[in-house]
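Predicted model only: the values in this text are computed from it and were never measured. By convention here, the first residue in the shown sequence is residue 1.
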Amino acid sequence: MAILPSMLVITELLLLLSQTSFATDTITQSTPLPDDGRTLISKDGSFELGFFSPGSSSNRYVGLWYKNIPVRRVVWVLNRDNPLKDNNSGELIISKEGKLLLLNHNQSLVLWSTNTKASSPIAQLLDSGNLVLRNEMETSFLWESFDYPCDTFMPEMKFGPNLKTGLERRLTSWKSWDDPSSGDLSYAMVVTNNPEGFMWKGSTKYSRTGPLTGPQSTAVVGIKKNPLYDYKTVTNEDEVYYMYTLKNKSVITIGVVNQTLSVRLRVLWVPESKTWNGYQSFPQDSCDVYNACGDNGRCIIDGSPMCQCLDGYEPKSPKHWNVMDWTKGCVRSGNWSCGVKGRDGFRNYVGIKTPDTTNSWIDGKMTVENCKAKCMENCSCTAYTYLNSLGGGTGCSVWFGNLKDLRVSLTGQDLYVRTHASDIDTKHGHGKKRLLAVSITVSIVLVMILAISYVYVTKTKYKVDKEKIMWTQENNEGVLEDFELPIYDFATINKATNNFSINNKLGEGGFGPVYKATLHDGQVIAVKRLSGNSGQGLKEFKNEVILCAKLQHRNLVKVLGCCIEGEEKMLLYEYMPNKSLDYFIFDTIQSKLLDWSMRFNILNATARGILYLHQDSRLRIIHRDLKASNILLDGDMNPKVSDFGMARMCGGDQVEGKTRRIVGTYGYMSPEYIIHGHFSIKSDVFSFGVLMLEIICGKKNGTVKHYEKDHNLIWHAWRLWKEGIPNELIEDGLRDSCILPQVLRCIQIGLLCVQHFPDDRPDMISVVMMLGSEITLPQPNEPGFLAQNVVIEGKTSSTNGVTMSLLTAR
């Protein structure tokens with residue numbers, strides 16, 4: 001179940017209404033709530049309920065919001081689909097019959113009413129934000145707003161149906177930012193043998209989070225232990241629901257369904273910054289779209305192609321499949337028949353988000369062995385898995401018929417799919433044979449290509465070294481990998497860039513020039529062309545080709561293809577119209593276009609992109625060249641990390657490595673990397689810390705003795721921090737408009753990131769948490785200053801500072 005509180009930036013800024021609030025939390029038959037500025041306030045002052053008009057709308061609604069949060073976020077609307085049309089036109093009362101009613105100004109029309117009555121009624125706003133109707137001397141509720149949520153999921157609120165009464169507690173988006181009426185996007189618990197959450201667009205399933213029972217990590221956003229909240233799930237004959245409670249009520253968390261086709265999860269209010277903040281939403285990518293690959297197809301977000309049939313299956317419509325229309329899914333191939341001894345078995349798929357549970361059955365106590373036998377004896381059973389991974393696996397979940405909405409997930413589990421014995425890879429025997437056969441074939445083809453290339457190069461007297469002949473790269477772990485990107489011919493790119501016209505040139509780095517290009521279908525892209533005299537290019541080019549085919553994240557630049565033809569080597573990227581971050585923050589004119597809210601959004605989004613590289617991508621990736629010029633900005637000024645030429649992949653739990661070839665940009669590299677060649681996820685954290693300080697200060701770190709008393713920006717920031725005047729680090733143009741507590745918190749986080757010893761630095765998930773919450777921060781230790789006793793050798797020019805090829809220390 002994945003409707004969880006956590007973190008996400010909520011961008012709407014609703015103006016505060018000037019209201020007079022009375023210290024009451026109740027409505028009685030003698031004290032109604034009119035639309036004259038008066039409001040209800042919960043006893044502890046956390047919540048406020050009153051009349052309001054959203055955005056530029058003149059319609060009037062009764063809404064609920066957090067009392068002490070100046071950026072008003074309305075979390076519940078009583079009459080969302082039946083507004084009042086004029087100011088001072090409504091009144092919330094308790095009728096003689098004991099009903100809670102919303103009337104128009106002359107009390108001639110009932111716009112909203114509870115369906116229950118009370119004998120001695122009061123309506124009370126509780127400290128939880130729950131508006132309840134009860135008898136005055138009783139504690140039980142006759143009616144409560146938590147049973148009728150709008151677009152927001154709050155602590156202590158149940159999400160899921162009451163099977164006994166038929167009440168369905170679902171979330172439904174606002175129609176627009178200034179219209180709280182019910183939109184067409186909703187999120188609801190679907191009751192099956194193993195209930196799970198679904199997102200709906202109208203009456204169509206749009207996305208699915210995963211089952212409520214079993215390993216919660218298989219959900220797209222898994223339920224996990226955390227320092228912010230406790231949770232519980234309930235499944236019985238009366239009701240099915242998920243609910244969470246806060247461990248620390250000073251950290252306010254909500255979840256939101258909005259009209260942009262997403263469930264905004266893990267949303268926190270940060271008092272210092274006076275903003276809603278966070279890092280996650282759902283769906284996360286194309287594989288989260290419901291049944292994206294059709295029945296019996298599995299979605300692999302970094303796969304090529306993205307959709308692939310299960311073993312023993314083939315596309316139902318090859319014609320549609322070949323044009324990447326996967327919706328018709330896959331059907332069994334060959335003459336497979338159920339129940340034939342020795343010809344029927346189960347293929348184990350590792351790391352799978354389990355299928356739609358509509359046609360499923362579970363038994364929480366059954367062993368895995370019995371689960372397999374249970375599925376084997378029924379020819380309608382197509383797959384099984386366990387519910388609990390502890391102790392070798394217990395509990396059983398089986399599926400019947402077609403398997404829907406399969407995807408590969410880092411938090412997925414083993415799924416055993418019924419298939420013909422020849423397609424089974426349980427003990428890897430057949431799989432190894434097939435892999436060996438493919439490897440031998442590929443090796444022979446590669447040898448032939450290399451031989452032909454060598455003869456050609458020799459005859460034409462090109463002085464090309466061994467690296468330039470190989471079009472596959474032995475990666476860091478010694479595994480030979482092919483790049484998996486669409487390949488474009490040189491003529492197409494030449495035409496698209498108008499013969500690489502100077503007018504199309506966007507910039508140039510250590511790799512070579514970058515051009516704007518327009519393809520024949522009108523798509524605008526960016527083309528990075530390997531310079532013939534680049535000292536760093538070829539190896540980094542091949543590394544980037546291999547990596548970028550596997551990376552998919554909203555805060556990473558998307559690579560669309562490549563061109564390898566003769567001496568030409570090019571990468572094709574999505575076009576980023578606002579260039580790179582350094583174009584703004586280091587320019588006295590352009591920097592004025594980036595206010596603090598935009599800079600803070602850039603910091604948060606960049607951190608999420610790096611977190612994906614370190615933790616959520618298929619392999620851990622250490623970027624090794626994080627800097628302002630490698631943060632590109634799209635049309636909405638959203639940042640995307642780019643340039644993976646120097647990145648390194650790490651297998652499994654590996655988080656560090658060592659090299660004799662130091663690459664990166666001076667000013668962003670950590671001390672242990674510069675001096676000893678040690679790189680790790682913590683060296684990327686160091687680079688991000690430098691970037692944070694640069695965004696706040698508006699000046700580069702790389703220029704030694706830029707400041708009168710200090711050797712570089714890190715030194716400068718540390719001195720100001722120790723002297724108790726860190727606000728002097730803030731760029732002059734930001735000081736009057738920024739949220740000072742938020743900026744100071746970011747300075748502290750930046751200094752934590754650039755501490756001298758890697759073990760002292762936080763990891764990126766901690767950085768994201770620190771940026772998006774008010775968790776108390778530790779005091780930073782002395783940073784790695786990158787002092788003067790470092791000698792640089794073998795410099796090559798770069799867009800932003802010096803790109804290192806070799807560095808030694810005295």
Side-chain angles (χ1 to χ4, degrees), residues 1-5 130 141 144 146-149 153-172 186-200 205 207-226 229-245 255 257 263 265 282 290 352-368 370-371 374-375 381 383-391 393-401 403-405 409 411-415:
M1 179 57 227
I3 183 73
L4 309 178
N130 193 7
F141 305 150
E144 58 182 303
F146 272 12
D147 279 342
Y148 304 90
F153 186 50
M154 299 167 60
E156 301 181 35
M157 179 185 288
K158 294 179 179 179
F159 173 73
N162 186 314
L163 305 178
K164 193 172 183 179
T165 64
L167 177 70
E168 183 176 5
R169 294 171 289 234
R170 68 160 60 200
L171 304 175
T172 305
S186 62
Y187 195 85
M189 185 82 75
V190 175
V191 179
T192 65
N193 283 315
N194 194 357
E196 56 184 333
F198 274 86
M199 184 188 295
W200 302 77
K205 291 179 180 178
S207 196
R208 180 180 67 95
T209 58
L212 190 63
T213 303
Q216 280 82 20
S217 61
T218 62
V220 173
V221 183
I223 301 173
K224 301 175 181 177
K225 291 183 178 180
N226 63 89
Y229 58 88
D230 292 313
Y231 62 87
K232 70 175 180 178
T233 59
V234 173
T235 303
N236 57 44
E237 60 182 13
D238 290 335
E239 54 185 348
V240 176
Y241 67 85
Y242 165 82
M243 183 174 70
Y244 73 95
T245 55
V257 178
V263 176
L265 304 172
F282 164 73
Y290 179 75
I352 296 292
K353 173 190 169 186
T354 52
D356 183 336
T357 62
T358 301
N359 297 312
S360 70
W361 169 89
I362 64 171
D363 185 324
K365 298 180 180 180
M366 185 176 288
T367 65
V368 173
N370 290 338
C371 185
K374 182 77 174 178
C375 189
C381 181
Y384 75 91
T385 190
Y386 48 78
L387 295 176
N388 187 350
S389 60
L390 298 178
T394 59
C396 178
S397 180
V398 299
W399 283 265
F400 304 94
L403 302 175
K404 299 178 182 292
D405 196 34
S409 171
T411 57
Q413 69 181 102
D414 290 356
L415 180 70

What's the verdict on salt bridge (Lys or Arg N to Asp or Glu O under 4.0 Å) for K374 and D363, showing C-alpha distance, side-chain angles and the deciding distance? CA-CA 11 Å; K374 182 77 174 178; D363 185 324; over 6 Å; no
Taking C-beta and beyond as the side chain, do [X] and [Y] meet within less than 4.5 Å on heavy atoms?
| X | Y | answer |
| --- | --- | --- |
| M157 | F159 | no |
| T235 | Y241 | no |
| L167 | P161 | no |
| P195 | M189 | yes |
| Y384 | D414 | no |
| K353 | D405 | yes |
| V234 | Y242 | no |
| E237 | L163 | no |

Quick one: [atom1] on [X] to [atom2] on [Y], what's the gap to the nearest 0.5 Å?
| X | Y | atom1 | atom2 | answer |
| --- | --- | --- | --- | --- |
| S207 | W200 | OG | CH2 | 12.0 Å |
| K205 | F198 | NZ | CZ | 4.0 Å |
| T165 | E168 | OG1 | CD | 11.0 Å |
| C396 | L387 | SG | CG | 7.0 Å |
| N193 | W399 | CG | CH2 | 11.0 Å |
| T245 | D230 | OG1 | CG | 5.0 Å |

Check the pair K158 / D147 against salt bridge (Lys or Arg N to Asp or Glu O under 4.0 Å), numbers first and verdict last. CA-CA 8 Å; K158 294 179 179 179; D147 279 342; over 6 Å; no
Could you verify whether a donor N or O on one side chain and an acceptor N or O on the other, from E196 and T209, lie under 3.5 Å apart?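 No, T209 and E196 have no side-chain donor paired with an acceptor closer than 3.5 Å.
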Side-chain H-bond candidate by donor/acceptor type, T358 with D356, under 3.5 Å: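 Present: a donor and an acceptor within the cut-off.
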Out of Y187, F146, Y244, Y231, which residue meets the ring pair (Phe, Tyr, Trp, His ring centres under 6.0 Å) rule with F153?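 Exactly one option meets the ring pair (Phe, Tyr, Trp, His ring centres under 6.0 Å) with F153, and it is Y244.
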Evaluate salt bridge (Lys or Arg N to Asp or Glu O under 4.0 Å) for E239 paired with K164, printing each intermediate quantity in order. CA-CA 7 Å; E239 54 185 348; K164 193 172 183 179; over 6 Å; no
Can any side-chain N or O of T367 pair as donor or acceptor with the backbone N or O of N370 at less than 3.5 Å?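 Flag set: sc T367 to bb N370 pair under 3.5 Å.
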In sequence, state the C-alpha distance, the side-chain angles, and the governing distance for E156 and N130, and then conclude on side-chain contact (heavy atoms from CB on, under 4.5 Å). CA-CA 9 Å; E156 301 181 35; N130 193 7; over 6 Å; no
Over all heavy atoms of both residues, which pair between [X] and [Y] is shortest? Give the atoms and the distance, please.
| X | Y | value |
| --- | --- | --- |
| C371 | S397 | SG-N, 4.0 Å |
| V368 | T394 | CG2-N, 4.3 Å |
| R208 | T354 | NH2-O, 2.6 Å |

